[in-house]
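Report on the structure given below.
On a predicted model such as this, the values are computed, not experimentally measured, just so you know.
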Amino acid sequence: MTTTCPSGQHSHHDVYAAQCPCRALLDLLANKWSALAIGALEDGPQRFGQIQRRLQGVSPKVLTQTLRRLEDFGILDRTVYPAVPLHVEYALTPLGHSAAIPLNALRSWVEDNIDHAFRPEPTAP
């Protein structure tokens, strides 16, 4: 789907075009840890440890990188509360809430259809 660029920076956006800047946002949102982090934040602001416990299997390094990228794209806000120790919370922005809607549908679809997905048998050597 091709649309006119609302910022006026480009003549149009087309995710199928190799040089389209929207590819970076698509890459971010198509990442499993991004999709899961956005889902974890749908219920409201959370601290790093809460998000990490919810996203079983994510390393602290990968979660930090994911949260930073989401913040860079304006998907979430990071708020630091001055206390000892520092209290940091992550929350979805309005843009993040709008991204959460289709990602929620995708996560639900995956859970509903995983048993029907084709998984080939391993081949013997």
Side-chain angles (χ1 to χ4, degrees):
M1 180 171 127
T2 303
T3 59
T4 303
C5 177
S7 68
Q9 295 176 331
H10 311 281
S11 60
H12 68 278
H13 292 298
D14 179 0
V15 294
Y16 294 100
Q19 300 302 315
C20 184
C22 55
R23 285 253 184 121
L25 182 57
L26 179 63
D27 179 57
L28 175 64
L29 294 176
N31 175 280
K32 77 174 174 187
W33 295 123
S34 294
L36 294 172
I38 290 169
L41 291 168
E42 281 182 292
D43 294 332
Q46 293 187 40
R47 296 175 76 169
F48 184 91
Q50 293 171 292
I51 300 168
Q52 187 178 20
R53 282 188 294 279
R54 182 84 188 272
L55 276 61
Q56 297 176 14
V58 67
S59 71
K61 178 182 176 182
V62 169
L63 181 56
T64 298
Q65 291 171 341
T66 300
L67 295 173
R68 283 184 183 155
R69 286 189 68 208
L70 290 167
E71 183 182 12
D72 290 344
F73 275 87
I75 303 294
L76 62 79
D77 282 327
R78 178 180 182 266
T79 304
V80 179
Y81 297 94
V84 178
L86 282 179
H87 176 111
V88 179
E89 284 188 346
Y90 298 88
L92 293 177
T93 63
L95 183 64
H97 281 287
S98 70
I101 295 166
L103 289 173
N104 185 319
L106 178 61
R107 289 188 310 271
S108 295
W109 183 90
V110 168
E111 291 174 345
D112 292 344
N113 291 284
I114 186 62
D115 293 332
H116 304 291
F118 174 73
R119 288 181 268 167
E121 297 286 326
T123 57

Name the atoms and distances for all side-chain donor-acceptor pairs under 3.5 Å in residues 42-59, with sequence neighbours left out.
from, atom 1, to, atom 2, distance (Å)
Glu42, OE1, Asn104, ND2, 3.4
Glu42, OE1, Arg107, NH2, 2.7
Glu42, OE2, Asn104, ND2, 3.4
Gln46, NE2, Ala40, O, 2.4
Arg47, NH1, His87, ND1, 3.2
Gln50, OE1, Arg47, N, 2.6
Arg53, NH1, Gly49, O, 3.4
Ser59, OG, Val62, N, 3.1

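Partners of Ala17 according to the side chain to side chain contact (heavy atoms under 4.5 Å, CB included) rule, which considers only residues two or more places apart in sequence or in another chain, are Asp14, Cys20. For the side chain to side chain contact (heavy atoms under 4.5 Å, CB included) test, residues two or more places apart in sequence or in another chain that qualify with Leu106 are Val110. Applying the side chain to side chain contact (heavy atoms under 4.5 Å, CB included) test to Arg68 and every residue at least two apart in sequence or in another chain returns Thr64. Under the rule for a side chain to side chain contact (heavy atoms under 4.5 Å, CB included), Val84 has no partner lying at least two apart in sequence or in another chain.
Listed here is the closest heavy atom pair of Leu29 and Ala35: O-CB, 4.1 Å.
Its side chain outside the 4.5 Å cluster rule for every partner, Tyr81 clusters with none of the Ile, Leu, Val, Met, Phe, Trp and Tyr residues.
Expressed to the nearest 0.5 Å, how far CG of Leu26 lies from OH of Tyr16 amounts to 9.0 Å. Considering CD1 of Ile75 and OG of Ser98, their distance stands at 7.0 Å, rounded to 0.5 Å. To the nearest 0.5 Å, the span separating CG on Leu103 from CG on Leu36 amounts to 9.5 Å. One distance of note links CD1 of Ile38 with NE2 of His97; it measures 10.5 Å at 0.5 Å rounding.
Each of Leu70, Thr79, Leu41 was scored for a side-chain contact (heavy atoms from CB on, under 4.5 Å) with Tyr90, with one residue passing: Leu41.
Here side chain to side chain donor-acceptor pair (under 3.5 Å) pairs that include residues 22-32, with residues two or more places apart or in two chains, number zero. Listed by first and then second residue, the salt bridge (Lys or Arg N to Asp or Glu O under 4.0 Å) pairs involving residues 79-100 amount to none (not counting sequence neighbours). For residues 101-122, the set of pairs meeting the ring pair (Phe, Tyr, Trp, His ring centres under 6.0 Å) definition, not counting sequence neighbours, is empty.
Leu25 and Val15 fall into different hydrophobic clusters, where Ile, Leu, Val, Met, Phe, Trp and Tyr side chains are chained together by heavy-atom contacts under 4.5 Å.
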